[in-house]
Amino acid sequence: MAGPSCRQSRYIDDFMKAYSLFSLARNAMSYHRNWQRAWRSPDPKSKYDVVIIGGGGHGLATAYYLATQCGINNVAVIEKGWLGGGNTGRNTTIVRSNYLLDASAGMYEHAMKLWEGLSQELNYNVMFSQRGLLHLAHSVHDMQEIGRRGNAIHLNGIDSEFLTPEQVKEMLPIINLNCRYPVMGGLLQKRGGTARHDAVAWGYARGADAAGVDIIQNCEVRGVRVESNTVVGVETSRGFIGAGKVGSVAAGHSSVIAEMAGFKMPLECYPLQALVSEPIKPIIDCVVMSNGIHVYVSQSDKGELVVGSGSDAYNSYSQRGSFDLIEHTVGPLCELFPLFSRLRMLRQWAGIVDVTVDRSPILSKTPVKNLYFNCGWGTGGFKATPGSGHAFAHSIAAGEMNEIAAPFSIDRFNSGALIDEGAAAAVAH
Ligand SMILES: Cc1cc2nc3c(=O)[nH]c(=O)nc-3n(C[C@H](O)[C@H](O)[C@H](O)COP(=O)(O)OP(=O)(O)OC[C@H]3O[C@@H](n4cnc5c(N)ncnc54)[C@H](O)[C@@H]3O)c2cc1C
């Protein structure tokens with residue numbers, strides 16, 4: 001497997017020149033009206049070596065690494081709406097790698113290392129901000145959970161620190177430690193933080209396009225054509241597109257795509273919602289999460305508080321959440337930070353998250369030859385975007401899941417080798 005940093009291809013060299021100091025100055029002279037489009041909008045070809053279904057962050061990252069690291073640039077990304085219009089553009093942008101189990105540490109820490117160089121890799125500012133991420137503990141059970149997880153994280157060489165309530169207060173002077181379930185301690189990952197989600201999709205899209213990938217928006221996959229148990233292409237709203245291999249990266253619609261190919265995906269889909277407040281001056285300089293009282297919050301660079309909690313209780317494909325969950329989100333937020341009770345919430349939205357029984361993703365071959373699935377990221381896949389795309393691209397190219405992806409095979413639901421991240425995933429995204 002090639003290393004995480006991109007081999008500079010001819011296309012990438014061209015692309016870097018297009019954003020040189022010289023072109024910046026030249027475009028400034030014409031009031032920035034003459035920039036080339038960041039990616040083309042080509043008509044689909046009749047056949048590609050690889051077709052990726054889904055133009056979210058994971059699909060675009062997969063295409064980018066296929067073209068720049070695996071030598072496969074006859075690739076199309078087929079997106080039914082617009083790039084990043086799914087969960088990629090709807091999440092609360094939290095990035096961390098403090099998961100309990102070895103397989104998860106392998107995937108999320110791989111992603112973290114890629115995040116740390118991603119703006120340079122893509123020549124696009126993804127606004128990755130390692131401002132630190134603090135998990136609060138409110139009960140003996142919470143303390144045991146962060147204790148066990150913190151130690152496991154250390155054993156995997158990932159940074160984490162235990163904080164006393166006094167240290168939590170020092171970090172967050174406005175916190176109310178004596179809320180209904182008092183804060184007993186915290187687990188801090190200093191390398192955790194946030195990134196700008198749209199920029200991640202756009203950066204990968206621009207890089208993939210520059211490397212020769214066709215990005216086809218407003219094109220819905222409506223069928224998967226299978227002959228002799230081998231995928232041969234996809235039926236789309238713009239006609240049939242042939243493919244040597246197909247990677248489905250359709251998040252909340254993955255089970256719909258699986259059904260088109262004639263098998264079932266062990267996923268349940270729920271709305272997951274988030275809210276943002278009116279912008280205020282900087283007040284919280286880390287991400288704060290509480291599984292115990294069920295809320296998490298960070299502050300965007302614009303000053304808005306970005307707030308989330310759990311998923312809705314019912315299955316749905318509608319991208320709107322229920323009212324009761326808004327109350328369950330705002331209530332604990334005000335309990336932890338009474339000051340915020342005076343803030344107005346500006347926007348609320350939801351995405352459809354694809355949840356597995358063990359709260360870990362699926363990166364896998366399927367019963368259909370040359371058809372691969374990357375899904376099941378549920379409430380926490382944004383942070384994995386670079387690692388997931390990188391591992392999936394190399395796996396598709398090789399025809400076998402690589403060592404990072406292999407534990408996340410669909411076979412685990414038969415063998416029982418589950419990767420239970422229920423506690424690390426909980427409300428924490
Ligand atoms: C409110 C909310 C908050 C979240 N917060 C966090 C967080 O803080 N941190 C974190 O790590 N994760 C978070 N997540 C989860 C994270 O957003 C997702 O796991 C991740 O973005 C999934 O990326 P993706 O590229 O797989 O999916 P998506 O971005 O959803 O992309 C899938 C794409 O497939 C397309 N598609 C579907 N069906 C078809 C079809 N038939 N034909 C063509 N295209 C199709 C869709 O239009 C979509 O664009 C959150 C999710 C939500 C909803």
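In each ligand, atom 1 is the first atom listed, and ligand 1 is the first ligand listed. Every value quoted in this text rests on a predicted model; they were computed, and no experiment measured them. These values consider heavy atoms only, across backbone and side chains, with no hydrogens, waters or symmetry-generated copies.
No donor-acceptor pair under 3.5 Å is formed between the side chain of Gln217 and the backbone N or O of Ser41. For Ser237 (side chain) and Glu220 (main-chain N/O), a donor-acceptor pair under 3.5 Å exists by modelled atom type. Distance alone, capped at 3.5 Å, is enough to place a donor-acceptor pair between the Asp358 side chain and the Ser360 backbone.
Across the listed options Gln319, Gln348, Lys80, Lys80 owns the non-hydrogen atom lying nearest to atom 39 (C) of ligand 1.
The N/O atoms of Gly55, backbone and side chain alike, include none that comes under 3.5 Å of an N/O atom in ligand 1. Checked against a 3.5 angstrom limit, the closest N/O atoms of Val221 and ligand 1 fall inside it. When only interatomic distances are considered, the shortest N/O to N/O separation between Phe382 and ligand 1 falls below 3.5 Å. At under 3.5 Å, a nitrogen or oxygen of Thr379, whether backbone or side chain, sits near a nitrogen or oxygen of ligand 1. Between Trp82 and ligand 1, not a single N/O pair is under 3.5 Å apart. Between Leu272 and ligand 1, a contact under 3.5 Å exists for no N or O pair.
Annotation for Lys169: atom NZ counts as buried by contact number, over 12 foreign heavy atoms lying within 6.0 Å. A 6.0 Å sphere centred on CZ of Arg148 holds no more than 12 heavy atoms belonging to other residues, nucleotides or ligands.
The ligand atoms of ligand 1 that sit less than 4.0 angstrom from a heavy atom of Gly378 are 15 (C), 19 (O). Of all the atoms in ligand 1, the ones that sit under 4.0 Å from a non-hydrogen atom of Ala251 are 26 (O), 27 (O), 28 (P), 30 (O). Within ligand 1, the atoms closer than 4.0 Å to a non-hydrogen atom of Gly54 are 33 (C), 34 (O), 35 (C), numbered from 1 in the order shown. Here is the list of ligand 1 atoms found below 4.0 Å of a heavy atom in Thr88: 21 (O), 23 (O), 24 (P), 25 (O), 28 (P), 29 (O). Contact atoms of ligand 1 toward Lys383: 10 (C), 11 (O) (distance under 4.0 Å to a heavy atom of the residue). Every atom of ligand 1 is numbered from 1 in the order shown, and the set under 4.0 Å from a heavy atom of Trp377 is 19 (O).
Salt bridge Arg40/Asp209: present, at least one basic N to carboxylate O contact under 4.0 Å.
Residue contacts with ligand 1 for His253 involve side-chain atoms from C-beta outward but no N, CA, C or O (heavy atoms, distance under 4.0 Å). With a 4.0 Å heavy-atom cut-off, ligand 1 is reached by the side chain of Ile257 but not by its N, CA, C or O. Under 4.0 Å from ligand 1, the heavy atoms of Ile78 that appear belong solely to its backbone. Contacts between Gln273 and ligand 1, counted as non-hydrogen atom pairs separated by less than 4.0 Å, involve the backbone only. Within the 4.0 Å heavy-atom criterion, neither part of Val256 lies near ligand 1.
At a 4.0 Å cut-off, at least one heavy atom of Gly57 sits close enough to ligand 1 to count as contact.
Between Val330 and Val307, the closest side-chain pair of non-hydrogen atoms is not below 4.5 Å.
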*Please walk me through it: do Glu335 and Arg180 pass salt bridge (charged side-chain N to carboxylate O under 4.0 Å, His left out)?*
CA-CA 8 Å; Glu335 182 88 31; Arg180 183 166 166 215; over 6 Å; no
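Taking the six-membered ring for Trp and the full ring otherwise, Phe382 and Trp115 have centroids separated by under 6.0 Å. When ring centroids are compared, Phe392 and Tyr65 stay outside the 6.0 Å threshold.
Residue Ile352 holds its CD1 atom at 11.0 Å from CZ of Arg320, rounded to the nearest 0.5 Å.
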